[in-house]
Structure formats: C-alpha cells, structure tokens
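The sequence lines fix the lettering, A, B, ..., with proteins before strands; numbering per chain opens at 1.
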Number of protein chains: 2
Amino acid sequence: MSRTKARAALLQELEEAMRRSSAQGVLYGQTVANVAGIANSDLECMDILYLEGRVTAGRLAEVTGLTTGAITGVVDRLEKAGLVRRERDENDRRKVFIAVVPEAAMKIGQFYVPMQQAMEKVFNVYSDEELRLLLRFATEGYKGVLAATEALKGLIDTPPEKRPDLKLKKLRR
Amino acid sequence: MSRTKARAALLQELEEAMRRSSAQGVLYGQTVANVAGIANSDLECMDILYLEGRVTAGRLAEVTGLTTGAITGVVDRLEKAGLVRRERDENDRRKVFIAVVPEAAMKIGQFYVPMQQAMEKVFNVYSDEELRLLLRFATEGYKGVLAATEALKGLIDTPPEKRPDLKLKKLRR
DNA sequence: GCTAAATCTCTTAGTGACTAAGATATATAT
DNA sequence: ATATATATCTTAGTCACTAAGAGATTTAGC
C-alpha cells in the first residue's frame, strides 16, 4: 500500500472509531437520563450548567438549539426535581438565571462515575505528553465541529445548485 | 505544581474538552436532522445503518435503546422518505432487514461534508504516528464507554445503599 | 420624561415521537 | 402436534417539542 493510501485508510478508520465512540457516548447519556428519571434534554441542560455555571434561560435555548418555550418546560421540570433554581437578575429583571443546586446535582453526578472510572482506566496508559496531544486534539476538534455546525447552518439558506461542490466519500461495503 | 497534580489538572482539562466537543457533536447531529427534515433518532438509525450495513429492526432497537415499536415508526418514516428499504429475510421470515438506499443516503451524507472537511483540517496537522495514537485512543475510548454503559445499567438494579462507594469529583466554581 | 421598539421569558394550542402492552406471524423444541 | 420462544407490528395514551404570541422589562429616539 502506498504511503498516502495508508494515511487515507488510517483517517477513515479514525473517523469511524470516533463516530462509534461518539454514538456510544450519546447512548451513555440516554442511559443516565433514564436512570436519573429525567428527560434527555433536561440532562443535557444540567451538563451545560455544570460546564458553564449559572446561565440565563435564553443562553440555554441557544446552546441546546431548543426554543425558549421548550426551555421553560425543561427548567420547570428540573426545578420541580430540585436540581436547579431560578434566580432573577436584579440588574435586568427580564432575565432569569438558572443555577444548579450543588447537593442535588451531586446525585446526577453519581451516574457519571462509571464513565469517569472507565475513562480514568483508558487515560492511565498514556504519558503526560500523550495526554497533552489528546487535549490539543480535543480542543481543536471542538473548534472544528463548532465551525462545521456554522457552515452547515449556512448551507440551509444556500440553494442546492449554488452550493460549493462537495465530494462525499462513498459508502462502505 | 507537583508532578501528580499537574497530571490531575491535565486529566480534568481533557475530560472537559472531550465533553465539550462531544456536546457540540450532538448539536451537529441535531442540525443535520433539522436540515435533512427528519427526526433525530431517524438520523441516528441512518448512521448505524451506514456503520453496520444491513441490520434487522430488532438490532436497531437494541443499538439505539428504543423499543421495537418505536423502531417500526422510525423505519416507516425513513422508508416513506425513500432512504431505506425493508427486506424480509428469506431464511427466517420473522426478521426484517433494513437496508439503506445508497443514492438517497448520499443526500443525507452531503450534510456531513462540512464536518468531514473540518475534521480533515484538524487531522492534517498530525503525523501518521500521532494519528495512530488518536485511533488507539478512540478505539479504547469506545470500549471504555461501552463498559461504562453496562456498568451503569447494572447500577439500576443495585439498591443505593449496596452500591460501591463512588467518589465524585466536586463541581467547578 | 414619554412613547416606540427591542429584548427576554412564559403561555397556549397543537403535533409528533415515544413507551407499554399485547396482537400477529413465524420458528424451534419436546 | 402442541407449546414456547422469537421478531415485528399495532394501539392507546403520554410527554416534550414547536410556533405564535402575550406579558414584563429595558433601551432608544425625540
């Protein structure tokens, strides 16, 4: 096999492996939501709150891609479950900040322990330098996916015949 | 900062970076489904069909975590949209294989082009050897997440007081 | 200051994908 | 043959979602 062809095969393998693990990650999330007894998007919002801290309802809608109406429902359910609190912004009383209730959020966090343990085991075999490579990749990957999302959204308003000619890899098998 | 502490910080950073990119990946998928005009889980099934090839309805239910009843609906919609075909197994006529219609699937594939391009750009800066490291990580990661999912499912039937003592990292901020 | 426009969240009505339970059809075991 | 198991589909009911617009508050223009 030629040098470049070997790389192409490697890239394809990598892409598929990442797709698989990403799909399994989604499934893990679904299972967590199931076990925790909350809806999938409720859990997703908890995750965002964990990562971003205290955020407004509007920002939550933006990040999740849901309508503000749907977010009202999400926050209603989470608040009822005691997982978050609504906090009105005193400077701009239109805004509602959503904040996690730390103790209650711990209960949800428990369900991520199997994942953390599994990942710890995976990470363990890598040297610090290798981990830095992985971190660099994850960071760049995030930026890439973000850019791709924007590009895709841009594609919506572009009529098909005006779209840049996109070559698609053929299906396997 | 001590040697081990530096690693702990690195691990945490890595975990968060991966969570972020994974969340953005989910959002990309939602956007694709949106643009393609099909439901999220319909797209997920298309993805599985792409990765696994021709699979039975039951297997689809297994992999997605949906009930067989839900899968009937998914396949009905996908078939109506001309994206897949039902094919009865001639050896076991209870089984229904679901197969992608290649030409139609291409249309869906188009929406992954921005992602492929973004990823290509990210991958480009890595040497073959570095890519092999990433592949190894993705493969191991997949296995880890799979195992974690099973472990979590096992946790459901274990009453809280009998669960192994799980230590949870504290929340940031 | 006062009015109009903008911004942010919530409400309402309607839609659609999901689950649970059981029906149907086919296969396997005794 | 009969019973049990397996694979998919059907039905009824539930729940989260969207679209549209209603409050409530802030900002801009005069």
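With rounding to whole Å, A:Ile38 atom CD1 is found 15 Å from D:dC15 atom C1'. Taking atom CG of residue B:Asn91 and atom P of nucleotide D:dT6, one finds them 19 Å apart after rounding to whole Å. Atom P of nucleotide D:dC17 and atom CG of A:Asp76 are separated by 12 Å, given to the nearest angstrom. If you take CD of A:Glu44 and C1' of D:dC17, they are 14 Å apart, rounded to a whole angstrom. Following rounding to the nearest Å, A:Asn40 (CG) and D:dC15 (P) show an atom-to-atom distance of 16 Å. In this structure, NZ of A:Lys95 is placed 9 Å from P of D:dT27, rounded to the nearest angstrom. Computed from coordinates, the A:Asp92 CG to C:dT9 P distance equals 9 Å when rounded to whole Å. Distance, B:Ile98 CD1 to D:dT8 P: 8 Å, rounded to whole Å.
Nucleic acid contact for B:Arg86: sugar-phosphate only, since backbone atoms but no base atoms lie under 4.0 Å from a heavy atom of the residue.
Nearest heavy-atom pair, A:Val55 versus A:Arg59, reported as atom, atom and distance to 0.1 Å: CB-CG, 4.1 Å. Across all non-hydrogen atoms, the minimal contact from B:Arg86 to B:Glu79 is NH1-OE1, 2.8 Å.
Taking 4.5 Å as the limit, every side-chain heavy atom of B:Glu140 sits out of range of all side-chain heavy atoms of A:Lys121. Side-chain atoms of A:Arg54 and A:Glu87, non-hydrogen and from C-beta on, do get closer than 4.5 Å to each other.
Taking CZ of B:Arg20 as the reference point, atom CD of B:Gln24 lies at 10.5 Å (rounded to 0.5 Å). Atoms CD and CG, on B:Glu44 and A:Leu27 in that order, are 7.0 Å from each other to the nearest 0.5 Å.
With C:dC10, D:dT8, C:dT26 as the choices, the nucleotide that has an atom nearest any side-chain atom of B:Ala57 turns out to be D:dT8.
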Set out, line by line, the N/O atom pairs under 3.5 Å between protein and nucleotides 14-24 of chain C.
from	atom 1	to	atom 2	distance (Å)
C:dC18	OP1	B:Ser41	OG	2.6
C:dC18	OP2	B:Arg77	NH2	3.3
C:dT19	OP2	B:Thr67	N	3.2
C:dT19	OP2	B:Thr67	OG1	3.0

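Each of A:Arg94 and A:Val75 has a nearest nucleotide on DNA chain C; the 5'-most of these lies closest to A:Arg94.
Put simply, the residue from B:Val125, B:Leu134, B:Leu14 that forms a side-chain contact (heavy atoms from CB on, under 4.5 Å) with A:Phe137 is B:Leu134.
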